[in-house]
Each structure stands twice: as structure tokens, then as C-alpha cells.
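No hydrogens, no waters, no symmetry mates; every other heavy atom, side chains included, goes into these values. Nothing here was measured: the structure is a model prediction, and the numbers come from that model.
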Amino acid sequence: MGKALEGVRILDLSHVQAGPTCTQLLAWFGADVIKVEKPGEGDITRGQLRDVPGADSLYFTMLNHNKRSITLDAKNPKGKEVLTALIKSSDVLVENFGPGVLDRMGFSWEKIQAINPAIIVASIKGFGPGPYEDCKVYENVAQCTGGAASTTGFDDGPPLVTGAQIGDSGSGLHLALGIVTALYQRTVTGKGQKVSVAMQDGVLNLCRVKLRDQQRLGKGALKEYPQFAEGRPFGEAVPRAGNASGGGQPGWILKCKGYETDPNAYIYFITQAPVWDKICKVIGKPEWIEDPGFATAEARLDKLRMIFDTIEAWTKTKTKFEVMDICNPLNIPCGPILSMKELADEPSLRATGTVVEVDHPTRGKYLTVGNPIKLSESPTEVARSPLLGEHTDEILAEVLGLDDNAISELREAGALEPPRRQAAE
Ligand code: COA
């Protein structure tokens with residue numbers, strides 16, 4: 001059996017993180033992803049945060065596996081002809097240019113549809129239609145405008161952004177789902193369609209439970225939020241909840257043995273109601289099992305701070321892994337705060353292909369995150385990212401059927417740039 005998306009060709013005009021995350025996923029599922037890049041420069045991330053002089057950055061390599069790269073000047077008349085031919089022979093066009101860029105290139109939705117009515121055009125923008133539709137947007141702007149920042153952090157501190165790239169990679173995930181859905185619908189209708197994801201919308205979707213709480217706030221205090229137990233009044237908007245769990249089972253991050261020197265010696269501990277008796281026994285408070293002030297989840301809400309302080313007095317005597325080893329057999333949900341170093345070294349993540357070592361001709365070996373979505377009949381093999389323009393000639397010959405003379409003419413017309421072939425290969 002081949003790969004799930006074998007035979008699907010993606011014309012990938014995307015750049016930076018949001019679009020490339022999406023097309024990398026599609027490539028991992030077997031699509032032929034042709035990354036179109038500006039001659040000479042390519043995706044700006046190739047040179048950003050460079051750690052090896054002259055080599056593509058980890059920023060680029062970790063977002064562009066399993067793709068082919070063609071350099072093409074989309075503003076050059078001959079380059080436009082090539083782009084038109086590529087649109088004709090592709091199933092999906094993906095882009096996350098700034099607002100209006102594709103139109104300025106001369107490839108409006110109407111024009112693209114006229115070229116290929118079956119093509120799916122998938123776009124990420126910062127905002128949907130409305131007052132900010134013309135704005136350029138990066139990750140943290142999306143986190144701030146989508147509700148994540150106002151609800152992250154502690155209620156007595158400033159808004160915080162999170163390290164998880166929910167604006168960029170989150171939008172890429174949303175877009176990938178939109179694309180495969182449109183491809184599925186096309187099997188019935190035979191027609192393409194536009195797939196649009198606004199980063200603000202994607203972040204808000206991931207902050208769904210906070211809009212839930214906004215509406216609950218209208219009915220009274222949010223009793224599971226720390227400021228309720230700590231006696232601070234609520235305002236009009238959902239406050240930042242610190243490390244409180246987003247669901248109905250209270251949780252908090254607690255110190256473990258070694259926290260004084262190890263910034264990650266912490267554990268997330270959930271006081272799940274069905275195992276309350278086990279928690280009481282394990283932390284040495286068996287009297288809380290029957291005590292009416294502690295026996296029910298409702299009765300505990302105004303004492304959560306004190307309860308977590310008491311649990312922490314116990315977790316501080318154990319390492320985060322010892323706490324896990326004791327609590328897991330008792331079905332007490334908890335999780336150690338794992339550093340990136342610990343994750344990189346974790347053998348089980350290597351075994352499942354979630355952390356993968358990749359070899360690259362100019363930068364050598366590096367670690368990346370593999371495909372987190374596992375299909376039993378379509379396993380992912382992570383292949384290194386392409387060098388800039390590495391497949392220009394190959395794509396022009398194989399996809400468009402151009403011969404060497406035609407390719408030379410394009411080069412002379414300034415539509416391409418000679419591919420920078422890697423000497424080591
Ligand atoms: N040939 C010729 N020109 C090309 C080209 C090619 N192959 N590929 C890109 N370009 C040009 C475009 O035509 C455009 O030029 P123009 O402004 O003269 O029309 C330019 O390169 C790209 O513009 P833009 O996408 O606005 O890039 P930027 O670096 O100024 O802004 C973003 C970057 C990410 C802020 C912006 O693209 C954006 O807001 N994207 C949508 C939201 C998004 O995805 N954000 C997250 C990114 S991780």
C-alpha cells in the first residue's frame with residue numbers, strides 16, 4: 001500500500017512557519033509538495049537564527065521535510081508562465097503571504113480558478129474579513145488577538161504568550177484539515193474551493209474553554225479559579241488562571257525534590273475527585289477523606305490553595321519521577337514538567353518516530369519532531385528539507401515536460417536561478 005496522499009500534488013507558496021507546518025504534514029502523508037521559492041533568497045527562515053554558518057537554519061529544516069524546492073520569480077513574465085503551468089498540474093495551492101500579495105502577483109482566486117477549476121486554494125491570514133483583514137501577523141500577535149495571552153499567566157501579573165506555537169503551527173494544523181476535507185469533497189463534486197484559516201480564529205478555537213468561562217462568569221464567580229480560593233474579586237473578563245487546570249478537576253504545578261536548583265523539578269498534580277481518598281492517604285491526610293470540609297469536590301473549592309500547599313509539602317520530598325511512580329498505579333493523574341533536553345533524550349519518543357534524527361548535507365545531523373499523527377497504513381519517513389532550488393530542473397522536466405533548451409531559456413529570461421547543487425551529494 002502506498003502513502004495516504006500519494007498522487008496529490010501541492011504547490012507550496014508558503015513561507016515562515018504557519019503554511020510550511022501544514023505542507024510538511026501533507027508531505028509526511030505522501031503528497032508531492034513543491035515548494036516555490038524566490039530565486040536567490042528562498043524562504044526567509046533559511047537564514048534566520050542560523051547556528052551553522054552557510055547552512056539552512058534549524059528553523060527552516062525542521063518545517064520543510066519531505067518537500068522539493070524550485071526557485072521561480074513569480075514577478076517575471078516567464079516565471080508567471082511557469083507558475084500558471086504548475087497551477088494547472090497541481091491539486092492544491094497553499095499560501096500564507098501577507099494580505100493582497102497573491103493578487104499583486106497576478107494570481108487572484110478568480111484567475112487561479114480559470115486556470116484550474118479543480119484546484120483547492122488554501123490560505124492562512126492573520127485575520128478574517130473585518131477591521132484587521134489587511135494586517136500582517138506573526139505568532140505572538142495571533143496569541144494576543146485570539147484570546148490566549150489574556151488568559152495565560154497569573155491574575156496579578158501581565159498577559160503572557162505561550163511557547164507552544166498555537167498561532168503558526170496551530171493555524172497550519174487547521175489548514176491541513178481544511179485541505180484534506182476539500183480534497184474529499186472534490187471526489188464527489190469534481191470542483192476545487194477556497195480554504196481559509198485566520199490565525200486569530202485558530203487561536204480562539206484553541207481557547208474555546210475560556211469563552212465557555214466568560215459566559216459562566218456572567219452567572220457568578222469561577223470557583224475553580226485560584227483567585228476564588230484566595231478571595232480576590234473577579235472583573236468583567238475571564239482572568240488569567242495561573243496553572244489551574246482548564247477542566248472540572250482542579251490541578252496545579254507543584255515543587256518536587258531539587259526544585260531549588262533544577263528549574264524543571266515540578267509536577268502537574270490533579271486532585272481528581274474519584275481518587276480523592278487515595279490522594280489523602282498518599283500525602284498523609286487520611287482524615288480529609290471523611291471530613292465534610294474536604295470530602296466533596298464542591299467543599300474543597302475554597303481551600304484549593306491550602307490543599308495544594310499540603311500536597312506540595314509531600315511532592316517536595318520526592319523527585320518528579322518518584323511522584324509519577326507512586327501516583328500512576330493509584331490512578332492519580334499527574335505529569336512531570338519535562339524539559340526540552342529530557343524530551344530530546346526520551347527513548348520512547350525516539351522509538352515512535354516523534355523525535356527523529358535527520359542527516360543534512362550541509363549542517364550534519366540534527367533532531368526534529370517527526371509526524372505526531374500516526375497512520376497504521378501510511379507510516380511517515382522523515383526526509384531532510386530541500387536545499388534552495390535543489391529540484392528546479394527536475395520539477396520543470398518531470399512535472400511540466402520541459403527539455404534542457406526550454407529550461408535554459410527560462411534561466412536566461414531571469415525566471416529561475418541556477419539551482420545551488422550540493423557538492424556533497
Ligand atoms: N517570486 C517573486 N516574488 C515573491 C516570491 C517569488 N517566488 N515569493 C514571494 N514573493 C514576494 C511577494 O510577491 C511579496 O512581494 P510584494 O509585497 O511586493 O507583493 C513578498 O515577496 C512577500 O510578502 P509578504 O508575504 O507580505 O512577506 P513579509 O515578509 O513582508 O511578511 C508575514 C511576512 C508572515 C508577516 C506575512 O506574509 C503575513 O502576514 N502572512 C499571513 C499570516 C501568516 O501566515 N503569518 C505567520 C507566518 S509564520
Side-chain angles (χ1 to χ4, degrees), residues 9-23 26 33-45 67 69-139 141-142 145-146 167-168 171-172 174-176 178-179 181-183 185-186 191-202 395 399-400 410 413-417:
R9 179 166 297 136
I10 313 278
L11 191 57
D12 183 8
L13 298 173
S14 76
H15 65 160
V16 199
Q17 183 180 164
T21 328
C22 164
T23 51
L26 302 174
V33 176
I34 296 177
K35 186 171 174 90
V36 178
E37 298 183 77
K38 220 186 213 172
E41 299 170 30
D43 191 322
I44 193 169
T45 59
K67 304 179 186 178
S69 164
I70 177 173
T71 49
L72 187 63
D73 184 351
K75 290 179 175 165
N76 173 293
K78 288 279 174 200
K80 284 185 199 298
E81 283 175 23
V82 174
L83 194 52
T84 303
L86 286 171
I87 289 171
K88 245 182 220 157
S89 37
S90 296
D91 299 287
V92 184
L93 182 156
V94 181
E95 63 91 20
N96 65 318
F97 289 131
V101 168
L102 206 53
D103 287 358
R104 284 203 294 280
M105 268 184 191
F107 292 93
S108 63
W109 162 241
E110 292 74 20
K111 172 85 186 291
I112 295 170
Q113 252 202 329
I115 298 168
N116 179 357
I119 201 166
I120 290 152
V121 176
S123 302
I124 291 174
K125 298 287 166 257
F127 296 93
Y132 304 119
E133 65 188 46
D134 291 330
C135 297
K136 290 187 178 181
V137 168
Y138 284 106
E139 171 69 47
V141 175
T145 57
D168 283 344
S171 301
H174 282 96
L175 194 73
I179 289 170
T181 305
L183 279 169
Q185 192 169 22
R186 195 180 72 166
K191 288 200 306 194
Q193 60 184 298
K194 244 204 282 195
V195 178
S196 309
V197 170
M199 294 169 75
Q200 180 184 40
D201 301 7
I395 291 163
V399 179
L400 302 185
L410 284 173
L416 318 168
E417 209 184 44

Can you establish whether the number of heavy atoms outside Tyr132 located under 6.0 Å from its atom OH is more than 12? no
Look at atom NZ of Lys78 and say whether more than 12 heavy atoms of other residues, nucleotides or ligands are closer to it than 6.0 Å. no
Could you tell me whether the side chains of Lys125 and Ser196 share a donor-acceptor contact shorter than 3.5 Å? no
Check whether the side chains of Thr71 and Glu37 place a donor and an acceptor atom closer than 3.5 Å, and report yes or no. no
Taking all heavy atoms of Ile179 and all of Cys22, pick out the closest pair and write down the distance. CD1-SG, 3.7 Å
Quick one: closest heavy-atom pair of His15 and Asp43, and the distance? CA-OD2, 3.4 Å
Might you work through the side-chain hydrogen bond (donor to acceptor under 3.5 Å, both in side chains) test for Ser14 and Glu95, ending with a clear yes or no? CA-CA 4 Å; Ser14 76; Glu95 63 91 20; over 6 Å; no
So, taking the atom named [atom1] in [X] and the one named [atom2] in [Y], what distance separates them when rounded to the nearest 0.5 Å?
{"X": "Lys80", "Y": "Leu72", "atom1": "NZ", "atom2": "CG", "result": "10.0 Å"}
{"X": "Leu13", "Y": "Lys38", "atom1": "CG", "atom2": "NZ", "result": "12.5 Å"}
{"X": "Glu81", "Y": "Leu83", "atom1": "CD", "atom2": "CG", "result": "11.0 Å"}
{"X": "Leu102", "Y": "Leu93", "atom1": "CG", "atom2": "CG", "result": "6.5 Å"}
{"X": "Thr145", "Y": "Gln200", "atom1": "OG1", "atom2": "CD", "result": "4.5 Å"}
{"X": "Thr23", "Y": "Lys67", "atom1": "OG1", "atom2": "NZ", "result": "3.0 Å"}

Would you check if Ile119 and Asp91 make a side-chain contact, meaning some heavy-atom pair closer than 4.5 Å? no
Which of Asn96, Thr45, Asp168 passes side chain to side chain donor-acceptor pair (under 3.5 Å) with Gln17? Answer is Asp168
Take Val195 and Leu175 through the side chain to side chain contact (heavy atoms under 4.5 Å, CB included) test and state the conclusion after the steps. CA-CA 7 Å; Val195 178; Leu175 194 73; 4.0 Å; yes
